[in-house]
*Asks:* 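My structure is below; once you've seen it, I'll send some questions.
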Amino acid sequence: MGKLTGKLEFAAAWSFREALKNGGAETKLSMVLMGLGNIVHKQVAKGLIYMAIEAAYVVFMIMTGFHCISMLGSLGTVGQQVVWDEVNQVYLYTKGDQSVLILLYGVAVLFLTVLMAAAWYGAVKSAYKAECLDKAGKHVNNFAEDLKSLLHENLYRLFMTPPLTFIFGFTVLPLIFMICMAFTNYSKIDNHLVLFDWVGLDNFRALFDSGSILGSTFWSVLSWTLVWAFFATFTNYIFGMILAIAINRKETKAKGFWRFCFVLSCAVPMFVSLLIMRTMLQPNGAVNVLLRNIGLIGADASLPFFTNPTWARVTIIVINIWVGVPYTLLQLTGVLQSIPADVYEAARVDGANAFQTFFKITLPYMLYITTPYLIATFTGNVNNFNVIYLLSGGDPVTDLASTAGKTDLLVTWLYKLTIDKQYYNIGAVIGILTFIILAVGALLTYRNSKSYKDEEAF
């Protein structure tokens, strides 16, 4: 135990702070010339790799990087010019600055600089580690031994590096780029699609201004998004719970058949079901035609499933119950079957009725198990693009000046703003606000739930 403690304490001394404080001249020079300390202390190949990384970064910054960063402040100033070619009698277009590329390259260079700072930090620690081991008379790994360690004690680094690289390259970098876009006037308005500028918080102010068309649309869409997410989550959960309990009862015959009926509906792709329902509920769809034929509505009448705002919202929630309950049923069936039968038997011996058993045993246990599922479902419903877009397309639109319909969620409105209207700056703001809403909602739900507490509480 003492040997292990001493080893850990010795390893803890290889920190960056200790390198600054107690490192030798070669270690401190490694802060300027990466890898120098490794070369001095018998790690020549490793030191040369660090030097090559630093040299490549310096050359890149001199050739391209500093220019990309310097352009971030203005995002370009030279627009595309049209020049008349007298000889060929044609107009020639001279290439100007493209703000999108300037912003993308600038963010990428800053991101690369952060990665370089992390490599520099690791190089200093590595140099100090080699110095400490060498001065203590201990073995200093050569390059082959460092590579071999990737299959043993450093195996986690070998496995984590590729996924982290893709996460940072394809998730973090685009996310930072999108956040930066929210502070520009990159939109179709005033032809700011090629050359645009920084506008600070103007986009956020415009979105939060309830007196403007954009602001009133945002608050309307936000309120409906939260209402939709709440009902879409808990209606599925409640009805799925009722079905699961009903099928799981001892008195229910042919349990396998009833479960098969609901599982069979899951075999049909959801988008197919949604498109079929959309077709059936059109003014001249199967449902309205059937109602006319049996005389429940007039010959020229039709129920406004997707033309009236209230009808459209209720219709979408009901159809979402139809397509979502089977999945909830499968989730809760497994939970119900995992509850020990002895608990119910003890409750019956104590004289508990069906309602007391449900509220004291079944419901608390189900909520304990499924709270993470509810959080994930609520988050998914806030961003439930498929159900809204495939059923109603966000319609009906009652205000022609608005860019959103009465059933649009934040995510479908964002799609329309960016793809149809090319208001990329406002779309970026909505993306940021959607992320914040989801993060805060998930955090509050988790903190106020009992899912993180000890199971003995139940």
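All heavy atoms count here, side chains included; hydrogens, waters and symmetry mates do not.
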*Asks:* Can any side-chain N or O of Ser216 pair as donor or acceptor with the backbone N or O of Ile213 at less than 3.5 Å?
*Replies:* yes
*Asks:* Side-chain contact test, heavy atoms from C-beta onward, threshold under 4.5 Å: evaluate it for Val411 versus Val382 and give yes or no.
*Replies:*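 Answer no - side chains too far apart.
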*Asks:* Would you check if the side chain of Ser149 reaches a backbone N or O of Asp146 as a donor-acceptor pair within less than 3.5 Å?
*Replies:*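 At least one qualifying donor-acceptor pair exists.
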*Asks:* Distance-only check: which donor-acceptor pairs under 3.5 Å involve side-chain atoms of residues 58-70, not counting sequence neighbours?
*Replies:*
from	atom 1	to	atom 2	distance (Å)
Ser70	OG	Phe66	O	3.2
Ser70	OG	His67	O	2.7

*Asks:* Using the ring of each side chain (for Trp, its six-membered ring), is Phe204 parallel, tilted or perpendicular to Phe183, with breaks at 30° and 60°?
*Replies:* tilted
*Asks:* State whether the side chain of Asn293 and the backbone N or O of Val289 hold a donor-acceptor pair below 3.5 Å, judged by distance alone.
*Replies:* yes
*Asks:* Kindly say whether Asp399 contributes a backbone atom to a donor-acceptor pair with the side chain of Ser402 at under 3.5 angstrom?
*Replies:*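 Here the side-chain-to-backbone pair does not exist.
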*Asks:* Would a 4.5 Å heavy-atom cut-off, applied to side chains only, mark Asn384 and Asn381 as touching?
*Replies:*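 A side-chain contact exists here, since the closest heavy-atom pair is under 4.5 Å.
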*Asks:* So, for Phe355 and Phe359, is the gap between ring centers shorter than 6.0 Å?
*Replies:* no
*Asks:* List the atom pairs, donor and acceptor, that lie under 3.5 Å between side-chain atoms in residues 320-329 and the rest of the protein, sequence neighbours left out.
*Replies:*
from	atom 1	to	atom 2	distance (Å)
Thr328	OG1	Gly324	O	3.4
Thr328	OG1	Tyr373	OH	3.4

*Asks:* Please indicate whether Arg348 has more than 12 foreign heavy atoms, meaning atoms of other residues, nucleotides or ligands, lying under 6.0 Å from its CZ.
*Replies:*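 Buried by this count: over 12 neighbours within 6.0 Å.
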*Asks:* Counting N and O atoms only, with roles assigned by atom type, does the side chain of Asn185 sit under 3.5 Å from a partner on the main chain of Phe196, one being a donor and the other an acceptor?
*Replies:*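 Checked: no pair found.
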*Asks:* Just by distance, with hydrogens left out, do Tyr237 and Thr370 show a side-chain donor and acceptor under 3.5 Å apart?
*Replies:*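 Side chains of Tyr237 and Thr370: pair found under 3.5 Å.
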*Asks:* Does any donor atom in the side chain of Trp413 or Thr403 lie under 3.5 Å from an acceptor atom in the other side chain?
*Replies:*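 Result is yes, a qualifying pair exists.
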